[in-house]
Structure formats: structure tokens, C-alpha cells
Colleague: 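Please read through the structure below; I'll follow up with questions.
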Amino acid sequence: MSIGLKRGQVAIENYQIEWEISANNIINLLKNTLKDDIVDAQHIGSTAIKSISSKPIIDIVVGVNDFNDIFKHNDDLAKLGIIYRRQDHPNQQLYVCGDLRNNIQTHFIHVVIFNSKEWNDYINMRDYLNSNEEKAKEYSNLKKQLAKKYPNDRIAYTQGKSKLIEEILESAKNKNY
């Protein structure tokens with residue numbers, strides 16, 4: 001099973017069922033730990049799209065009613081290897097899992113307000129790409145090209161995807177699939 005990359009590294013692999021299993025294990029761990037403080041958690045990102053290649057890092061979105069609902073669990077989550085990193089984007093908190101002593105990241109947990117724009121963007125993009133094989137292939141091909149061009153620059157890799165992601169989100173928002 002191949003899950004995880006050194007921080008900043010970019011490598012793309014074909015879909016693996018282990019990614020889904022790992023995502024479900026972490027989601028169950030989060031639900032058991034956060035209990036009533038979690039509204040929902042879902043496997044998102046490219047590892048949740050069976051027809052495309054992805055970085056072998058599992059993305060999960062956690063929906064809460066208020067960020068304090070998760071912050072109060074930070075010590076318990078840390079004991080489970082789920083470490084609070086920072087506010088990653090406006091209206092989003094980032095947690096990571098992995099072999100952090102060796103700078104290997106296996107899971108990114110994006111905590112957002114449930115049913116917010118951020119929540120809906122994550123879910124809509126996943127669902128759109130899972131139902132639109134042509135756009136999924138275009139996205140996968142772009143990711144492969146960018147990974148070859150920027151194997152050690154995740155920021156440039158991510159920036160290179162941004163225009164296509166915006167197009168996908170616009171189509172997904174309008175339910176053009």
C-alpha cells in the first residue's frame with residue numbers, strides 16, 4: 001500500500017483501493033473521537049476519484065458547526081496522530097497525519113463549516129469528477145504533467161492546477177454533469 005509523501009514532494013500514482021479503506025478508517029476514528037461535535041466527514045480530493053491518478057495523500061473534509069467544536073479535541077486528536085497544523089485557507093483549518101518525524105504526510109484533514117462554500121466545493125468537485133470521465137481525464141493528465149515539471153515544488157504544482165479547478169468548480173456548482 002502506497003500512502004504518503006515527503007512534505008513538498010509531488011508524485012502521482014494510479015488509483016488504489018487502499019486509499020478508500022484508509023480514508024474510511026480515519027473518518028471512523030474522527031467520528032468516534034469528535035462524537036456530536038462533527039456534522040459529517042467525507043473522503044474528497046483525487047484519491048476519492050477512481051478514474052484518475054493522484055498524489056498518494058488522502059484528503060478528508062470534516063464539517064463542523066463551529067471551529068471550537070474541533071479545537072477542543074486537539075489534544076485527543078494529537079494522541080491519535082492527527083495533528084493540528086494551521087488555518088490553511090480562510091474558513092478552513094488543516095490537520096495532518098503521517099510519519100511527521102520523517103516529514104512524511106499521509107492524510108490532510110480539512111476542517112470547514114458544514115454546508116459552507118468550502119464544504120460544497122469539496123463535495124461538488126469530487127462528485128463532478130466521478131461523474132464526468134472526460135473532465136476527470138483532463139484533470140488527471142494535467143496533474144501528471146505538473147508532477148513531472150515540479151516533483152519537488154508542491155506550491156507550483158498546486159498553482160498549476162488552479163485554473164482548471166476553478167473551471168471544474170464552476171461546472172460542478174451549476175450541476176453541468
Side-chain angles (χ1 to χ4, degrees), residues 1-34 37-38 41-50 52-64 67-112 118-119 121-123 125-126 129 139-165:
M1 173 165 61
S2 176
I3 297 177
L5 285 175
K6 191 166 191 118
R7 192 171 181 186
Q9 182 182 10
V10 179
I12 302 294
E13 298 182 11
N14 291 329
Y15 176 84
Q16 297 173 36
I17 189 68
E18 291 85 2
W19 295 344
E20 190 173 325
I21 294 166
S22 181
N24 288 333
N25 289 339
I26 294 293
I27 288 169
N28 288 332
L29 188 64
L30 288 164
K31 287 180 176 179
N32 288 333
T33 304
L34 302 175
D37 291 322
I38 188 173
Q42 298 210 15
H43 183 196
I44 56 160
S46 296
T47 60
I49 303 162
K50 294 181 173 122
I52 71 172
S53 299
S54 176
K55 292 188 321 292
I57 298 176
I58 311 303
D59 286 291
I60 295 168
V61 65
V62 171
V64 295
F67 289 123
N68 289 322
D69 291 345
I70 193 164
F71 289 152
K72 67 185 178 186
H73 296 280
N74 279 359
D75 289 341
D76 291 331
L77 291 169
K79 290 175 188 170
L80 299 170
I82 301 170
I83 309 301
Y84 176 69
R85 180 76 69 179
R86 66 182 175 276
Q87 179 176 318
D88 192 36
H89 297 286
N91 305 315
Q92 185 170 178
Q93 306 297 324
L94 178 67
Y95 289 74
V96 297
C97 302
D99 179 359
L100 303 181
R101 283 191 193 122
N102 291 310
N103 226 8
I104 304 292
Q105 300 171 324
T106 59
H107 298 75
F108 291 143
I109 300 165
H110 310 272
V111 180
V112 301
E118 294 78 15
W119 172 270
D121 281 352
Y122 280 127
I123 302 303
M125 182 163 175
R126 178 201 61 199
L129 290 175
Y139 185 54
S140 186
N141 288 338
L142 176 62
K143 289 162 54 78
K144 289 175 187 176
Q145 292 167 3
L146 291 168
K148 285 180 184 173
K149 188 173 183 179
Y150 304 113
N152 296 303
D153 189 348
R154 195 170 301 166
I155 292 171
Y157 166 83
T158 300
Q159 289 172 340
K161 299 186 303 178
S162 63
K163 184 174 184 247
L164 182 56
I165 288 172

Colleague: Which residue is it: I12, I57, D59, I52? I am looking for the one with a side chain to side chain contact (heavy atoms under 4.5 Å, CB included) to S46.
Modeller: I52
Colleague: Return each pair, listed once, that meets side-chain hydrogen bond (donor to acceptor under 3.5 Å, both in side chains) where at least one residue sits in residues 24-34; pairs must be two or more places apart or across chains.
Modeller: none
Colleague: What distance separates N74 CG from K72 NZ, expressed to the nearest 0.5 Å?
Modeller: 11.5 Å
Colleague: Can you name the closest pair of heavy atoms from R154 and K6 and give their distance?
Modeller: NH2-O, 3.5 Å
Colleague: Taking all non-hydrogen atoms of both residues, which atom of L30 and which atom of I38 are closest, and how far apart?
Modeller: CB-CD1, 4.5 Å
Colleague: Considering residues at least two apart in sequence or located in another chain, which fulfil the salt bridge (charged side-chain N to carboxylate O under 4.0 Å, His left out) criterion with R101?
Modeller: none
Colleague: Could you go step by step and tell me if L146 and K144 meet the side-chain contact (heavy atoms from CB on, under 4.5 Å) rule?
Modeller: CA-CA 5 Å; L146 291 168; K144 289 175 187 176; over 6 Å; no
Colleague: Only counting residues at least two apart or in another chain, list the ones meeting side chain to side chain donor-acceptor pair (under 3.5 Å) with K148.
Modeller: none
Colleague: Evaluate D153 against V10 for side-chain contact (heavy atoms from CB on, under 4.5 Å), listing each step before the verdict.
Modeller: CA-CA 7 Å; D153 189 348; V10 179; over 6 Å; no
Colleague: What pair of heavy atoms forms the shortest contact from F108 to Q105, and how long is it?
Modeller: CZ-OE1, 3.3 Å
Colleague: I want to check something: taking the side chain as every heavy atom from C-beta on, are Q93 and F71 in contact at a cut-off of under 4.5 Å?
Modeller: yes
Colleague: Got a donor-acceptor contact below 3.5 angstrom from the S162 side chain to the Q159 backbone?
Modeller: yes
Colleague: Does C97 offer a backbone N or O that forms a donor-acceptor pair with the side chain of T106 under 3.5 Å?
Modeller: yes
Colleague: Hey, could you give me the CD1/CD distance between I3 and Q16, rounded to the nearest 0.5 Å?
Modeller: 7.5 Å
Colleague: Verify the distance criterion only: is there a donor paired with an acceptor across the side chains of K143 and Y157 at less than 3.5 Å?
Modeller: yes
Colleague: A23 and H43: which non-hydrogen atoms are nearest, and at how many Å?
Modeller: CB-CG, 3.4 Å
Colleague: Do V64 and V111 have side-chain heavy atoms sitting under 4.5 Å apart?
Modeller: yes
Colleague: Run I58 and I26 through side-chain contact (heavy atoms from CB on, under 4.5 Å) and show every step you take.
Modeller: CA-CA 10 Å; I58 311 303; I26 294 293; over 6 Å; no
Colleague: Which atom names give the shortest non-hydrogen contact between Q42 and I27, and what distance separates them?
Modeller: C-CD1, 3.8 Å
Colleague: Rounded to the nearest 0.5 Å, how far does CG of L142 lie from CD of Q145?
Modeller: 6.0 Å
Colleague: Within the supplied structure, the quantity of interest is the number of heavy atoms (other residues, nucleotides, ligands) at a distance under 6.0 Å from K149 NZ; does it exceed 12?
Modeller: no
Colleague: Taking the six-membered ring for Trp, are H110 and Y122 parallel (under 30°), tilted (30 to 60°) or perpendicular (over 60°)?
Modeller: tilted
Colleague: CG of L34 to CG of L77: how many Å apart, nearest 0.5 Å?
Modeller: 5.5 Å
Colleague: Could you measure the distance from the CG atom of L29 to the CG atom of L80? Nearest 0.5 Å is fine.
Modeller: 4.5 Å
Colleague: Identify the two heavy atoms, one from I60 and one from A41, that lie closest to each other, and give their separation to 0.1 Å.
Modeller: CG2-CB, 4.5 Å
Colleague: How long is the gap from CD1 on I49 to CG on L129, to the nearest 0.5 Å?
Modeller: 4.5 Å
Colleague: Would you say that K161 contacts Y139 through its side chain, given a criterion of any heavy-atom pair below 4.5 Å between the two side chains?
Modeller: yes
Colleague: Which is it for I70 and Y95 under the side-chain contact (heavy atoms from CB on, under 4.5 Å) test, yes or no, and what are the steps along the way?
Modeller: CA-CA 10 Å; I70 193 164; Y95 289 74; 3.7 Å; yes
Colleague: CD1 of I155: more than 12 outside heavy atoms within 6.0 angstrom?
Modeller: no
Colleague: For D75, I'd like to know if atom CG has over 12 heavy atoms of other residues, nucleotides or ligands within 6.0 Å.
Modeller: no
